[in-house]
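In what follows, chains carry the letters A, B, and so on, assigned in the order in which the sequence lines appear, proteins first and then strands, with residues in each chain numbered from 1.
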There are 2 protein chains.
Amino acid sequence: MLSNSSKYALKAVLYLALNSDESRKILAKNISEPINVPRAYIAKLLQELSRHNLVSSTRGPKGGFFLNVENRAATLIKIVDVIDGDHRLRSCMLSLKECNEDHPCPLHGLVGNAKSNFIKNLEKTTINDLAIDLEQQKSFLPV
Amino acid sequence: MLSNSSKYALKAVLYLALNSDESRKILAKNISEPINVPRAYIAKLLQELSRHNLVSSTRGPKGGFFLNVENRAATLIKIVDVIDGDHRLRSCMLSLKECNEDHPCPLHGLVGNAKSNFIKNLEKTTINDLAIDLEQQKSFLPV
DNA sequence: TCTTAAATATGACATTTGTCATAGTTTAAG
DNA sequence: CTTAAACTATGACAAATGTCATATTTAAGA
């Protein structure tokens with residue numbers, strides 16, 4: 001449903017949401033360890049997100065990654081679409097070209113509206129929303 | 001969520017459910033075309049299913065693949081588990097080790113019980129159930 | 001201005017998944 | 001009992017995904 005890469009990306013962004021701001025930038029190598037993702041790999045993903053303005057960064061001494069207000073207001077779906085493309089998440093359970101409510105594939109009913117609900121949630125939930133949940137211990141990230 | 005392989009396997013088994021029985025066996029190469037999956041690839045998947053008694057086969061002249069009564073009563077989850085293993089489908093949205101209702105990952109709420117419902121449906125729906133849907137045109141398989 | 005610390009770009013490498021071909025084995029039929 | 005038709009086993013190859021290393025660019029501070 002989600003690739004490993006977008007899972008990693010989401011974890012990294014959430015970590016930044018909790019621990020960074022413009023005056024508290026974080027090095028790629030210092031994100032890698034707490035979210036348990038290889039250093040060079042998470043760097044690559046963050047670069048991709050940075051190119052799409054989903055995370056902020058500055059280079060040079062005192063540089064690093066962080067989330068600004070705009071980044072925090074972005075919805076989760078943007079991260080997934082940048083990393084996975086928009087097809088993976090939305091294709092039918094049997095990858096049929098023509099599968100919809102009126103012309104469902106055999107598995108369609110088994111999934112019900114579960115999947116479209118999930119996508120809608122990704123579309124309306126922001127990074128900030130999830131960060132608040134984490135801060136209030138309504139959800140948990142570690143290992 | 002499901003690998004390509006298990007999608008193919010499901011399509012092949014459904015095709016057999018609709019078009020085969022002990023006296024109407026079907027050659028691997030004659031399954032390949034209607035479900036639009038490469039011949040040698042579907043053969044390999046059917047062999048795996050055959051080894052696990054999820055499809056029936058006989059070799060030699062007049063041989064081929066077919067579904068017996070027992071095969072038709074098997075639930076969908078068995079096919080998915082044989083092809084994908086049992087981890088892929090059941091792992092958490094962020095692949096966290098410890099993620100459950102009491103200790104949810106940040107995405108847990110976005111999926112809700114959608115996923116567990118889907119799995120339950122796979123566990124209780126049989127090949128035969130889906131075949132009936134198809135025959136009654138409640139669902140559709142082709143391209 | 002020079003040095004150094006950091007992101008960035010690029011691309012090599014590994015692993016997994018998906019695809020295909022070949023040779024071997026079984027069995028019905030004559 | 002021979003032949004040929006089919007599945008079966010094995011493994012090679014390709015593509016996608018995931019992992020890592022190196023060289024380049026940028027910017028802060030002395």
Side-chain angles (χ1 to χ4, degrees), chain A residues 1-12 16 20 22-33 35-68 80 82-85 87-89 91 94-95, chain B residues 1-12 16 20 22-33 35-67 80 82-85 87-89 91 95:
Chain A
M1 204 133 171
L2 301 182
S3 71
N4 257 330
S5 292
S6 62
K7 293 177 184 181
Y8 290 172
L10 286 167
K11 288 205 266 185
L16 286 172
S20 81
E22 346 250 344
S23 62
R24 282 188 304 152
K25 296 161 190 161
I26 308 191
L27 308 188
K29 66 177 175 182
N30 292 335
I31 299 174
S32 153
E33 193 234 332
I35 66 172
N36 198 29
V37 174
R39 181 172 102 262
Y41 192 29
I42 199 60
K44 191 166 201 171
L45 293 173
L46 285 170
Q47 284 159 28
E48 183 76 12
L49 294 177
S50 171
R51 218 173 300 131
H52 289 264
N53 294 310
L54 293 173
V55 304
S56 305
S57 65
T58 62
R59 14 191 190 183
K62 301 284 180 187
F65 293 96
F66 63 98
L67 260 50
N68 63 25
V80 174
V82 161
I83 303 295
D84 285 348
H87 185 261
R88 178 184 188 123
L89 182 62
S91 68
L94 287 180
S95 300
Chain B
M1 205 134 174
L2 301 182
S3 71
N4 258 330
S5 293
S6 62
K7 294 177 183 181
Y8 290 172
L10 286 167
K11 288 206 267 186
L16 286 173
S20 80
E22 345 250 345
S23 63
R24 284 187 303 150
K25 294 161 192 160
I26 307 190
L27 309 187
K29 66 177 178 184
N30 290 336
I31 299 175
S32 153
E33 195 233 331
I35 67 171
N36 198 31
V37 174
R39 180 172 103 265
Y41 192 28
I42 200 61
K44 191 168 200 169
L45 293 173
L46 286 170
Q47 282 158 31
E48 184 76 12
L49 294 177
S50 172
R51 220 172 299 130
H52 289 264
N53 294 312
L54 293 172
V55 304
S56 305
S57 64
T58 62
R59 9 191 195 187
K62 299 285 179 187
F65 293 96
F66 64 97
L67 258 50
V80 174
V82 161
I83 303 296
D84 285 348
H87 186 261
R88 179 184 188 124
L89 181 62
S91 69
S95 301

Can you tell which of [options] lies closest to the side chain of [X]?
X: A:A28; options: C:dA7, D:dC7, C:dT4; result: C:dA7
X: A:R88; options: C:dT8, D:dT8, D:dT17; result: D:dT17
X: B:R51; options: C:dG18, C:dT19, D:dA9; result: D:dA9
X: A:P61; options: C:dT27, C:dA7, C:dA5; result: C:dA5
X: B:Y41; options: D:dT8, C:dG18, D:dG18; result: C:dG18

For the pair made of [atom1] in [X] and [atom2] in [N], what is the distance, rounded to whole Å?
X: B:L2; N: C:dT17; atom1: CG; atom2: P; result: 14 Å
X: B:R39; N: C:dT22; atom1: CZ; atom2: P; result: 10 Å
X: A:K25; N: C:dA5; atom1: NZ; atom2: P; result: 17 Å
X: A:L45; N: D:dT19; atom1: CG; atom2: C1'; result: 10 Å
X: B:I31; N: D:dC7; atom1: CD1; atom2: C1'; result: 11 Å
X: A:L46; N: C:dA6; atom1: CG; atom2: P; result: 15 Å
X: A:Q47; N: D:dA23; atom1: CD; atom2: P; result: 16 Å
X: A:N4; N: D:dA16; atom1: CG; atom2: C1'; result: 13 Å

| task | Could you pull out the closest heavy-atom pair between B:E48 and B:I83, with the gap in Å? | result | CG-CD1, 4.2 Å
| remark: For B:L45 and B:Y8 the tightest heavy-atom approach is CD1-CB, 3.7 Å
| Side chains of B:R24 and B:F66: closer than 4.5 Å at any heavy-atom pair? | no
| task | State, yes or no, whether a side-chain contact exists between A:Y41 and A:S32 at a heavy-atom distance under 4.5 Å. | result | no
| said: Nearest heavy atom decides the nucleotide; on that basis, is A:S3 or A:T58 closer to the 5' end of DNA chain D? | reply: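 Its nucleotide being nearer the 5' end, the pick is A:S3.
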| Mapping A:P38 and A:R59 to their closest nucleotides on DNA chain D, which lands nearer the 5' end? |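 Result of the comparison: A:P38.
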| field | Under 3.5 Å donor-acceptor pair, A:K44 side-chain atoms to C:dT8 base atoms | value |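 In this structure, the two groups form no donor-acceptor pair.
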| Quick one: is D:dG18 close enough that its OP1 or OP2 comes under 4.0 Å of any side-chain N or O from A:S5? |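 Answer is yes, contact under 4.0 Å.
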| field | Over 12 foreign heavy atoms within 6.0 Å of CZ, B:R88 | value | yes
| query | Which part of the nucleic acid does A:I26 contact within heavy-atom distance under 4.0 Å: base, sugar-phosphate only, or nothing? | reply | sugar-phosphate
| request: Name the residue closer to the 5' end of DNA chain C, choosing between B:K62 and B:D84 according to the nucleotide with the nearest heavy atom. | output: B:D84
